[in-house]
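Every value quoted in this text rests on a predicted model; they were computed, and no experiment measured them. In what follows, every heavy atom counts, from backbone to side chain, and hydrogens, waters and symmetry copies are set aside. Just so it is clear: chains get the letters A, B, ... in the order the sequence lines come, proteins before strands, and each one is counted from 1.
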2 protein chains.
Amino acid sequence: MDSEAPAKRPRNAANTRAAILAAAKALLAERGFAGWGVNAIARAAGYDKQLIYRYFGGMDGLAEAIAEDVSAWMQTALVRPDHSAPPASYAEMMARVAVALLDALRSDPLAQKILAWELSAPSKLATAFSEARGKALSGWIARERGTLQRPAGIDAPMLNALLIAAIQQLVLSGAASGRFLGLDLRDDAGWDRVRSGVAGLTRAMYR
Amino acid sequence: MDSEAPAKRPRNAANTRAAILAAAKALLAERGFAGWGVNAIARAAGYDKQLIYRYFGGMDGLAEAIAEDVSAWMQTALVRPDHSAPPASYAEMMARVAVALLDALRSDPLAQKILAWELSAPSKLATAFSEARGKALSGWIARERGTLQRPAGIDAPMLNALLIAAIQQLVLSGAASGRFLGLDLRDDAGWDRVRSGVAGLTRAMYR
DNA sequence: GGCTTGTGTCACTAACCGGTGATAGTTAAC
DNA sequence: GTTAACTATCACCGGTTAGTGACACAAGCC
């Protein structure tokens with residue numbers, strides 16, 4: 001019976017730091033940034049909040065650590081699946097990138113919460129993440145583009161920004177309320193419609 | 001010298017109610033929903049928070065009152081300026097609607113904060129406002145469309161939703177951080193670029 | 001053995017939050 | 001003038017927050 005023993009954990013600063021970081025990320029992904037603070041995180045991690053100050057220097061440092069973490073993950077996540085045929089045109093390439101971004105965002109509640117945070121309040125985590133995301137995205141597009149000709153006479157960066165903005169907004173709205181204007185974003189059928197809409201829109205842009 | 005007199009205000013329930021409502025809206029528009037609560041609102045309005053409970057039944061009622069207020073305003077705000085020529089094509093119509101929506105949203109911090117709130121947490125104010133906004137928008141488009149032919153073979157509601165989603169996201173990002181991906185949204189030059197991008201995109205959609 | 005360093009917990013503060021009951025002051029009806 | 005209803009304020013409650021100082025314990029070093 002070890003039910004009475006206070007569960008002697010081995011003391012290890014690295015492990016503890018990682019556990020706090022994981023708990024902070026999980027809490028942010030689950031419940032968003034409302035009520036995201038030292039008390040809740042320490043409680044969820046099972047450690048005293050004092051350790052958040054000791055290992056991260058407070059919430060700001062913790063937020064930075066999360067931003068680094070997520071950014072690093074994103075750099076590796078945004079890649080074309082091996083051996084898939086390279087895109088035949090700029091329009092085709094952007095259509096693929098857009099749909100891939102949509103699916104990646106939709107399956108990542110943590111990124112959603114950070115994006116929503118970005119829109120609600122300027123913060124260290126938000127801006128750091130925003131810049132990292134921008135770099136990862138443009139690097140991804142540049143890699144995918146390869147030697148493809150960018151269409152002439154068109155403000156392609158602007159159109160791409162509009163496309164990505166639309167995707168972000170739809171993912172955030174879908175996660176928050178399950179719909180956007182008339183669209184039903186609660187099940188895969190709705191998202192299939194969005195995917196084909198995004199693909200069609202991209203081709204129309206660069207036709 | 002009335003500097004010592006406690007500024008005897010005439011007692012008037014209607015005035016007080018309006019003052020509280022105005023303070024609540026102003027506070028929400030300025031600082032967003034973080035820290036938006038009875039204490040801050042009562043302090044800003046210059047009345048005791050008890051009156052919020054008496055006149056609105058609490059924060060929920062106050063939020064509903066704001067939603068009604070903003071919805072009513074929106075119904076009247078989304079109209080084509082008098083005597084402007086009716087649009088010649090569906091594409092032209094949607095381009096105008098999109099740019100008008102962009103400008104309207106951009107000049108309304110309160111609507112921005114409510115939209116951002118919608119994305120962060122489901123709430124009565126958010127959902128009520130969301131539905132009202134949807135109705136106002138579709139009504140507006142229907143009115144503007146008049147007898148124009150909707151393009152065939154195209155999922156127009158989907159494309160319009162993407163367009164509006166992009167606009168919303170850009171306005172929110174611009175207000176929060178002044179930029180989106182590579183775009184600079186801090187001054188009118190950046191927004192001019194967005195406007196022409198939106199107009200071009202709309203025409204490309206419905207070409 | 002003793003001692004230092006690192007790890008983790010506890011207890012406490014001051015400030016804020018939403019919410020409520022009692023009370024004072026004003027107005028209006030009678 | 002008296003009384004009743006309305007308007008507004010105050011003082012407090014329990015709970016939560018961020019942040020800090022003091023303490024207990026473990027590991028390793030000498």
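Contacts classified as salt bridge (Lys or Arg N to Asp or Glu O under 4.0 Å) and involving residues 187-196 of chain B (residues at least two apart or in different chains) are given here: A:D155-B:R193, B:D103-B:R195, B:R106-B:D188, B:D192-B:R195. Applying the salt bridge (Lys or Arg N to Asp or Glu O under 4.0 Å) rule to pairs touching residues 38-64 of chain A yields nothing, sequence neighbours excluded. Within the structure, salt bridge (Lys or Arg N to Asp or Glu O under 4.0 Å) pairs that include any residue of residues 160-171 of chain A do not occur (at least two apart or interchain).
Checking C:dT7, C:dT26, C:dC17 against every side-chain atom of B:R11, the shortest atom distance belongs to C:dT26.
Taking every heavy atom of residues 14-35 of chain B and every atom of DNA chain D, pairs under 4.0 Å involve B:T16, by number. Listed by residue number, the members of residues 46-60 of chain A with any heavy atom below 4.0 angstrom from DNA chain D are A:K49, A:Q50, A:Y53.
The side chain of A:R43 contributes an N or O atom lying less than 4.0 Å from OP1 or OP2 of D:dT17.
Remark: A:N15 engages no residue in a side chain to side chain donor-acceptor pair (under 3.5 Å) (not counting sequence neighbours). A:Y53 meets the ring pair (Phe, Tyr, Trp, His ring centres under 6.0 Å) test with no other residue; sequence neighbours excluded. For A:R133, the side chain to side chain donor-acceptor pair (under 3.5 Å) partners are A:E118, not counting sequence neighbours. Residues forming a side chain to side chain donor-acceptor pair (under 3.5 Å) with A:S177 (at least two apart in sequence, or on another chain): none.
Comparing B:N39 and A:A13, the nucleotide of DNA chain C nearest to each residue sits closer to the 5' end for A:A13.
Judged by the 6.0 Å and 45° rule, A:R150 forms no cation-pi pair with A:Y206.
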